[in-house]
Amino acid sequence: LIGMQIETDPFNLWVAADSREAYERQFFNSHFGGGFYRTAQLFVVNDDAANEDSDDSAVLQSYSTLEWLKSVEQRVADIRTPVLQDSLHSFCLKPVNDACVVESVTQYGVGDTPQWKTRLQNCVKQPVNCLPRFQQPIDPQIIFGGADDIESPEELVNSPALVPTWVLQNSEDNGYKFRVEEWEEQVEHFLANTVAEEAASKGLRISYNVESSLERELGRSGLSDIHI
């Protein structure tokens, strides 16, 4: 086993080095800088599986849940790495106004009013009228999950799952990868502990993934497959 190297990059594992896909990726990276985007995602679902009523299965049963999700996203933005003090703002995609791309129901900017759910349905119907700070309409079908009718604003708002996504810049530079992976580990720890506990107290359940999660899991799986 001397000199053995375990490959953990999913692209290298699944795409042949001499394939057209590998060539196009190399072309993209060399001409546009840094590779494809990284993502971090949170999946929030209603944990009351016994209740089959569509309204009761919705994650957003009250505005307080929306406020809680806003708080989670703000705390993710505030997470800093121990030494270099990197944060979400150090790595996120910022197309306009130095604002990070966060694709989430919270970004529709609906306030706490008696008609909050109706306003949210209007945003789902016409996302261009509810632009986030990064000034790009958010497709409701990528932030709600599990709706029976994805064309219905009411069904989407009453979805049994929410999927906030943080979009990060990527880079082939090893220094950048080390820094962003360190931040992703901090985010994972926060979600796995603090957020999971908070969600459970609200009758919700979470799962999550960050870009480096898969590479670490592949590394662990590769080591476990080695027989000595």
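The structure displayed is predicted, hence computed values, not measured ones. Residue numbers start at 1 and run along the sequence shown.
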Hey, are the side chains of [X] and [Y] touching, using non-hydrogen atoms and a 4.5 Å cut-off?
X    : Y    : value
E151 : Q141 : yes
L42  : L69  : yes
R80  : Q186 : no
F91  : R179 : yes
V180 : E184 : yes
V157 : K117 : yes
P82  : E182 : yes
N129 : N122 : no

Is it the case that one hydrophobic cluster holds both [X] and [Y], taking links as side-chain heavy atoms less than 4.5 Å apart, direct or via other members?
X    : Y    : answer
F190 : W166 : yes
F43  : L168 : no
V76  : V105 : yes
V72  : V110 : yes
I142 : V44  : yes

| request: Test side chain to side chain contact (heavy atoms under 4.5 Å, CB included) on L60 and L120 and set out the steps. | output: CA-CA 11 Å; L60 294 176; L120 190 55; 3.7 Å; yes
For [X], look at atom [atom1] and say whether over 12 heavy atoms of other residues, nucleotides or ligands are found less than 6.0 Å away.
X    : atom1 : result
R133 : CZ    : no
Q135 : CD    : yes
H89  : NE2   : yes
K202 : NZ    : yes

Using 0.5 Å steps for rounding, measure from the [atom1] atom of [X] to the [atom2] atom of [Y].
X    : Y    : atom1 : atom2 : value
Q121 : N158 : CD    : CG    : 7.0 Å
D148 : S159 : CG    : OG    : 9.0 Å
C123 : L156 : SG    : CG    : 12.5 Å
K125 : C130 : NZ    : SG    : 11.5 Å
S57  : D47  : OG    : CG    : 12.5 Å
L162 : I143 : CG    : CD1   : 8.0 Å

Any side-chain to backbone donor/acceptor pair from [X] onto [Y]? Under 3.5 Å, distance only.
X    : Y    : answer
Y108 : I138 : yes
Y208 : V187 : no
N46  : V59  : no
T106 : K70  : no
Q61  : A58  : yes
D173 : G175 : yes

Please name the pair of heavy atoms, one in [X] and one in [Y], separated by the smallest distance, quoted to 0.1 Å.
X    : Y    : result
V124 : P153 : CG1-CA, 3.8 Å
E181 : R38  : CG-NH2, 3.7 Å
N193 : H189 : ND2-O, 2.7 Å
P160 : G145 : CD-O, 3.3 Å
S171 : Y176 : CB-CD2, 3.4 Å

| query | Partners of N174 by side chain to side chain donor-acceptor pair (under 3.5 Å), sequence neighbours excluded? | reply | none
| request: Kindly assign one of parallel, tilted or perpendicular to the pair W116 and Y63, based on the angle between their ring planes and the thresholds 30° and 60°. | output: perpendicular
| field | side chain to side chain contact (heavy atoms under 4.5 Å, CB included) between E211 and Y37, worked out | value | CA-CA 9 Å; E211 195 75 17; Y37 300 124; over 6 Å; no
| said: Working note: K177 + S212, criterion side chain to side chain contact (heavy atoms under 4.5 Å, CB included); need CA distance, chi angles, decisive distance, verdict. | reply: CA-CA 9 Å; K177 289 182 69 175; S212 52; over 6 Å; no
| query | Hey, mind stepping through V101 and Q136 against side chain to side chain contact (heavy atoms under 4.5 Å, CB included) and telling me if it holds? | reply | CA-CA 9 Å; V101 173; Q136 295 182 13; 5.5 Å; no
